[in-house]
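Just so we're on the same page: letters track the sequence lines, and every chain starts at 1. What you see is a predicted model; the values in this text were computed from it and never measured.
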Amino acid sequence: MISLTTDFGVADGYVGIVKGVILSIAPAVRLVDLSHQVPPQDVRRAAFLLDAAAPFFPPDTVHLAVVDPGVGTARRAVVLRTPQGLFVGPDNGLFTCVLAEVLEWEMVELANPAYRLPQLGATFHGRDLFAPAAAHLASGVPLAAFGPPVSEPCRFSLPCLQVEADRVLGEVLYADHFGNLITSVGRLHWQGDDLALSPAFRPAGETRRIAVDALRLQCAGHVIQRVCRTYGEVGIGDLLALVGSMGFLEIAVRQGSAEQTLGVRPGERVEIEL
Amino acid sequence: MISLTTDFGVADGYVGIVKGVILSIAPAVRLVDLSHQVPPQDVRRAAFLLDAAAPFFPPDTVHLAVVDPGVGTARRAVVLRTPQGLFVGPDNGLFTCVLAEVLEWEMVELANPAYRLPQLGATFHGRDLFAPAAAHLASGVPLAAFGPPVSEPCRFSLPCLQVEADRVLGEVLYADHFGNLITSVGRLHWQGDDLALSPAFRPAGETRRIAVDALRLQCAGHVIQRVCRTYGEVGIGDLLALVGSMGFLEIAVRQGSAEQTLGVRPGERVEIEL
Amino acid sequence: MISLTTDFGVADGYVGIVKGVILSIAPAVRLVDLSHQVPPQDVRRAAFLLDAAAPFFPPDTVHLAVVDPGVGTARRAVVLRTPQGLFVGPDNGLFTCVLAEVLEWEMVELANPAYRLPQLGATFHGRDLFAPAAAHLASGVPLAAFGPPVSEPCRFSLPCLQVEADRVLGEVLYADHFGNLITSVGRLHWQGDDLALSPAFRPAGETRRIAVDALRLQCAGHVIQRVCRTYGEVGIGDLLALVGSMGFLEIAVRQGSAEQTLGVRPGERVEIEL
């Protein structure tokens, strides 16, 4: 199986062409679109998405990811193998979040011309370079055949998350399709009536318990006093905080858009007094 | 085969994750997207869509539908079996239109924890509950294994359609991608030069003949005098009425948008004097 | 394999219904979306897209294309066979670009009612006529079984491209998802430090060499002095020209939108002084 994540949009046929190339090489492979609406060249957004989605796919899935502002420049093209799946894409930080959650991984550079299209252009490596590599990888070509090992992959700085004695500081990561604001405060899961916070992207981090009824969350001048379990606990149009499907704290408006209500952008500070 | 209908959009990877879960359980199943652009939480729109699409799929297709404003609350999760296919989703009215068109059906609640993901969260039942159920159903698990029967499914009131001696009253259901206004006046089909109207969602309804050249359709102050067979019968930019692909009367503008021209919204009254 | 290209959008379920019809007839066929976001009724845009994508698919792929402003009128429905694949759709110019690039082709009209749905409506031939034809074609039904040969397919006039002694005249074809302006100046490929221009859609055209550092490209009052190999050769936000992934000259803004910067529309003149 190959999943696809790009910023190509779906209007121009670029994704279809990538799939044509894959299926020409590996006719029996299953293809699943993860997203082609990553905001143009938003490597961080794609990195979060890959990390959130990979655990729900079989561990031998090849995740093809092409968000590639540096296409045609000297940035490396790579394959990454982790216990959560295989990843193919540019080495520009795309795999930062996946790498932060695993203890073992192996990366090689896509250097072997046998696993490219014959004509490698400078503007569409999704088609000429990454699609053939993903197809060959899904067909069983071993990692080492693609090229030499990469020991220091490119990584961006992880989103802010400070867990202190009496407060937690985080930031808004992005707004989803519903206008829910996904924050860096995670991963959270319920333990009875409390929340357990095990900082994401820090495999060795300590778990912290949070009493959900005795907190004060502030973001962009708005205050929320507790964390709900479901949208239904507040009135339609009311602001609430809850644990989102990926285990991150979300700020939402029931049957509305928190993004519009708060008017905030990625990077906005979120502070929780405990 | 499993079809998918949601209001998740395609940017955030939620649909891809649902597919990852399905294919982890049922690797050989075929997946077909019906729509992921149902307006957020618009259960009625999804209900029309399921009813319109199901007849064009093999009758053993599993239609997975997740438009779920009440996720995490007490609303039931169900599987529905009809002669037109199997349906999986929340019991919030989503299956109103499908139920209105069949004489026999069977519904059970998704109560058996064996057919869920181990961790059932409160915000993403599409992933944790409905996707596994659809995958197991498509793999041959019998209906009764999922849970106890449901005898009174949730239904919303059907859209307005009054057929009187000298007029038909209906309403605008929604505007499609082309700006065509789909109305509740249906199902219609041509019989020679007349239209036969067999009210939708009323299996026992009487058929009524309509002479298409002697009518007067009014909507939002605009008047249309006849029903065309094709867009080509009027000039570019002109308003027309015709029988849409689902058998409902549509108000359209040739190579334009009736939604913009008339400026109306779902629920707008449509009156036809015969 | 069947690829799908339409202007249906993805909200209304029309594409899902087309796939349901195909898979009811040909359950084992692979489906790949090329685009469903062709601007409504923009036959030229779909024609460019089909031509650009087909070479990257296996040559026995059936490309189903439905952009059909004349649905229900007397325009023919056809199947086209070329060395680059099979094509099914309305005979309204959709195959102009594909036809212009091949020396051999065969076209027949979709006249045989055995390869349609039983009820052929007047508004959704994608579902009733083209989907069944594509499914039967992919299942091995021979071309001649569909209907009589067509010797003079409908074609639109090809986009402007004049190659003169001291200049090249072209036009903007369209803006893609990134805001890159794709022009008719192609097909280009690098030969050392020069570009070789082999006019598209003219199989017998002569190749012309262009020195990329000694030119002056003008479009909408903006001037670009050379052709880059990659986006990285200019600063972020700067205007550049490069050879796009389909071999056509593109005007782009690095990490920005040339469409917005130049404010131009399809048809805008592009002039290159050599």
Worksheet item: CG/B/Leu197 to CD1/B/Ile210 distance, rounded to the nearest 0.5 angstrom?
Response: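 One finds 5.0 Å between CG of B/Leu197 and CD1 of B/Ile210.
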Item to complete: Heavy atoms only, distances under 4.5 angstrom: which of C/Thr123, C/Val15, C/Asp12, C/Asp128 has the most pairs with chain B? Name it, please.
Response: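 The residue among C/Thr123, C/Val15, C/Asp12, C/Asp128 with the greatest pair count is C/Asp12.
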Worksheet entry | Partner of C/Asn92 under side-chain contact (heavy atoms from CB on, under 4.5 Å), chosen from C/Asp68, C/Val71, C/Thr73 |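 Filter result, single survivor: C/Asp68.
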Taking the basic N atoms (NZ, or NE/NH1/NH2) and the acidic carboxylate oxygens, is any pair closer than 4.0 Å for [X] and [Y]?
| X | Y | answer |
| --- | --- | --- |
| B/Glu259 | B/Arg265 | no |
| B/Arg209 | B/Asp194 | yes |
| B/Glu101 | B/Arg187 | yes |

Worksheet entry | Residues of residues 19-45 of chain C within contact distance of chain B, non-hydrogen under 4.5 Å |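 C/Lys19, C/Gly20, C/Val21, C/Leu23, C/Ser24, C/Pro27, C/Ala28, C/Val29, C/Arg30, C/Leu31, C/Gln37, C/Pro40, C/Gln41, listed by number.
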Worksheet item: Between B/Met246, B/Met1, B/His177, which residue shows the highest count of heavy-atom pairs closer than 4.5 Å to chain C?
Response: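 Most heavy-atom pairs under 4.5 Å with chain C: B/His177.
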Item to complete: Among B/Pro58, B/Gly232, B/Gly244, single out the residue with the greatest number of heavy-atom pairs under 4.5 Å to chain C.
Response: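 Looking at each of B/Pro58, B/Gly232, B/Gly244 in turn, B/Pro58 comes out on top.
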Item to complete: Apply side chain to side chain donor-acceptor pair (under 3.5 Å) to the pair C/Arg75 and C/His125, showing each step before the final yes or no.
Response: CA-CA 12 Å; C/Arg75 67 95 188 88; C/His125 284 184; 3.0 Å; yes
Under 4.5 Å from a heavy atom of chain C, the part of [X] involved:
| X | answer |
| --- | --- |
| B/Val243 | backbone |
| B/Leu242 | side chain |
| B/Tyr174 | side chain |

Discussion item. Measuring centre to centre across the rings, with the benzene-like ring taken for any Trp, is C/Phe8 within less than 6.0 Å of C/Phe124?
Written reply: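 Yes: the rings meet the under 6.0 Å criterion.
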Practice prompt. Measure the acute angle between the ring planes of C/Phe146 and C/Tyr115, then classify it against the limits of 30° and 60° as parallel, tilted or perpendicular.
Written response: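 The arrangement is tilted - the two ring planes meet at 30° to 60°.
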